[in-house]
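Ligands are counted one by one from 1 in listed order, and the atoms in each one are counted from 1 as well. Sequential numbering from 1 along the given sequence is applied to the chain's residues.
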Amino acid sequence: MKGVVDLHSHSRFSDGTLSVPELMALAASRGIDLIALTDHDEVSGIAQARAEAATHAMQFVAGVEISSQWCGLSIHVVGLRIDEHSPALLETLADIRVTRIERAHAMGAEFAKVGIANVFEGAVRYAPNPELVSRTHFARHLVDSGVCGSMGEVFNRFMKPGKPGYVAHEWMPLADTISAIRGAGGRAVLAHPGRYDTTWTGGPNGLVKAFADAGGDGIEVVCAAHHPREWAEYGALSRKFSLMASIGCDFHSPFESRVKFGDLPLLSPSLKPIWHDWPEAETLMKASRNSPLGMPC
Ligand code: AMP
Ligand code: MN
Ligand code: MN
Ligand code: MN
């Protein structure tokens with residue numbers, strides 16, 4: 001065991017393309033020792049993921065990635081080691097999924113205005129979970145139907161603020177999201193902090209500070225959305241605001257993910273891992289070898 005941890009991944013219960021058994025088998029084959037399933041706004045895959053992880057002798061914690069907002073920015077918060085049976089959490093997630101569907105219909109109407117018909121209907125065909133229709137499903141549909149050449153192009157041309165297929169959405173406030181996760185016994189982790197446009201909100205420092213002030217537990221330091229130089233930057237911010245550090249490749253699909261399971265470096269020993277006191281991580285903590293991030297941090 002090398003102590004390889006990945007705490008951010010998606011299955012077909014949200015916008016991943018693999019079934020839960022396929023996802024867990026892939027993670028195991030890539031040498032992951034501790035895994036979390038973190039589907040968007042959905043925990044229906046957790047029981048199966050836990051069972052599948054066990055068949056591969058991987059340690060598992062229940063997770064979720066909740067769509068949230070702060071200062072007008074759409075922010076993702078990963079909840080880790082949650083009680084997926086918490087009635088309050090389940091109710092919160094069900095409410096979010098209802099508003100997601102409303103947004104998806106509105107997005108279809110926006111595409112129709114610019115002459116692209118039946119986009120909602122097309123996106124739904126890509127969403128195995130009818131309650132969870134994401135921009136990712138819109139993007140896959142628009143690529144496969146020839147409107148755009150890549151998912152990146154769909155986002156750039158249509159699905160960003162100010163673009164014709166974008167619908168501004170009111171997600172749950174950041175502080176409430178953190179409370180919902182903590183109320184379900186989990187730890188709240190700011191997902192891919194380098195991915196938000198914080199130009200007008202005090203830069204990354206302002207967001208990470210707000211997250212810490214609102215009761216957040218940790219931030220993703222090593223993740224696929226971050227350039228290697230950002231590992232050091234977010235490592236420093238995690239120490240500055242006494243937040244624990246997390247790691248995850250945000251897996252969605254073997255064909256879409258830039259970083260494969262197990263390819264991210266181990267967390268710097270100078271950081272406090274979000275899993276440092278989890279029973280699931282006990283063996284791993286003993287076994288993990290120190291590995292520098294490649295840059296001082
Ligand atoms: P939603 O939760 O419906 O707003 O969709 C957000 C999802 O879109 C994220 O979780 C990513 O999986 C995906 N996404 C966001 N930006 C991009 C991009 N530029 N290229 C591909 N996928 C993206
Ligand atoms: Mn996603
Ligand atoms: Mn995300
Ligand atoms: Mn994600």
Side-chain angles (χ1 to χ4, degrees), residues 6-18 23 35-43 45 63-70 72-80 93 96-108 110-111 119-120 123-124 126-127 129-144 148-161 163 165-172 174 177 181 188-197 207 211 219-220 222-226 246-259 261 264:
D6 197 295
L7 300 175
H8 191 155
S9 65
H10 299 275
S11 75
R12 287 166 62 82
F13 280 95
S14 65
D15 60 352
T17 62
L18 299 188
L23 182 69
I35 182 104
L37 178 68
T38 57
D39 274 314
H40 295 284
D41 307 319
E42 176 63 276
V43 290
V64 65
E65 182 174 15
I66 302 186
S67 311
S68 183
Q69 86 181 38
W70 172 78
L73 296 175
S74 168
I75 303 288
H76 286 175
V77 185
V78 167
L80 293 175
L93 298 178
I96 296 174
R97 292 197 299 272
V98 169
T99 72
R100 259 188 179 282
I101 290 289
E102 293 166 358
R103 179 188 70 150
H105 277 288
M107 285 170 62
E110 291 301 309
F111 277 104
V119 179
F120 171 80
V124 163
Y126 284 77
N129 177 355
E131 286 192 19
L132 209 298
V133 184
S134 133
R135 282 186 292 163
T136 315
H137 301 116
F138 279 75
R140 290 187 186 129
H141 163 63
L142 288 165
V143 170
D144 288 351
C148 290
S150 69
M151 290 177 65
E153 185 190 334
V154 179
F155 277 88
N156 287 332
R157 272 178 63 194
F158 295 107
M159 295 201 301
K160 282 184 173 170
K163 303 290 175 172
Y166 182 77
V167 172
H169 191 69
E170 192 80 13
W171 300 108
M172 191 164 67
L174 187 61
T177 308
I181 291 167
V189 173
L190 179 61
H192 39 67
R195 223 178 70 186
Y196 311 107
D197 182 0
L207 169 61
F211 188 79
I219 62 172
E220 286 183 353
V222 175
C223 64
H226 288 172
S246 193
I247 181 166
C249 74
D250 200 2
F251 181 89
H252 282 78
S253 159
F255 307 107
E256 293 166 11
S257 298
R258 276 184 293 131
V259 175
F261 274 127
L264 290 170

Around [atom], find the nearest protein heavy atom and jot down its residue, atom name and distance.
| atom | value |
| --- | --- |
| atom 15 (C) of ligand 1 | F155 CE2, 3.4 Å |
| atom 13 (C) of ligand 1 | T136 OG1, 3.4 Å |
| atom 12 (O) of ligand 1 | H252 NE2, 2.9 Å |
| atom 6 (C) of ligand 1 | R135 NH2, 3.7 Å |

Exercise. Any side-chain donor paired with an acceptor under 3.5 Å for D15 and H252?
Worked result: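 Side chains of D15 and H252: pair found under 3.5 Å.
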Quiz item: Is the closest side-chain donor-acceptor distance between T99 and H169 under 3.5 Å?
Solution: yes
Contact region, R100 to ligand 1, non-hydrogen atoms below 4.0 Å, reads side chain
The answer for which part of D15 has a heavy atom under 4.0 Å from ligand 1 is side chain
Are [X] and [Y] close enough that some pair of their side-chain heavy atoms sits under 4.5 Å apart?
| X | Y | answer |
| --- | --- | --- |
| H226 | V222 | no |
| F251 | D6 | no |
| I66 | D41 | yes |

Quick check: closest heavy atoms across [X] and [Y], and the distance to 0.1 Å?
| X | Y | answer |
| --- | --- | --- |
| W171 | S67 | CE3-CB, 3.4 Å |
| P130 | I101 | O-CD1, 3.2 Å |
| S68 | L174 | OG-CA, 3.2 Å |

Report yes if W171 has an N/O atom closer than 3.5 Å to an N/O atom of ligand 1; otherwise report no. no
**Ring geometry between F111 and F138 (parallel below 30°, tilted from 30 to 60°, perpendicular above 60°)** = parallel
- Task: Confirm or rule out an N/O/S atom of H192, from backbone or side chain, lying less than 2.8 Å from the Mn ion (ligand 3).
- Result: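 Checking H192: at least one N, O or S atom is under 2.8 Å.
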E65 near the Mn ion (ligand 3): N/O/S under 2.8 Å: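 Short answer: yes, at least one N, O or S atom is under the cut-off.
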**Message:** With a cut-off of 2.8 Å, does H40 put an N/O/S atom close enough to the Mn ion (ligand 4)?
**Reply:**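 H40 does not place any N, O or S atom closer than 2.8 Å to the Mn ion (ligand 4).
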Report yes or no: does H10 have an N/O/S atom closer than 2.8 Å to the Mn ion (ligand 4)?
->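 True for H10.
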Looking at D250, the N, O or S atom sitting nearest the Mn ion (ligand 4) is OD1
inquiry  = Judged on heavy-atom distance to atom 1 (P) of ligand 1, which of R103, K160, H40 sits nearest?
reply    =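 Selected option, by shortest heavy-atom distance: R103.
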- Task: Run down the list H10, E256, E153, R195 and name the one with the heavy atom closest to atom 9 (C) of ligand 1.
- Result: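 Minimum heavy-atom distance to atom 9 (C) of ligand 1 goes to R195.
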Result for side-chain hydrogen bond (donor to acceptor under 3.5 Å, both in side chains) between S11 and one of T38, T17, D39, N129 points to D39
Per-atom filter on ligand 1: closer than 4.0 angstrom to a heavy atom of S134 are 3 (O), 5 (O)
Just give me the atom name: the N, O or S atom of H76 closest to the Mn ion (ligand 3).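 For H76, the N/O/S atom sitting closest to the Mn ion (ligand 3) is ND1.
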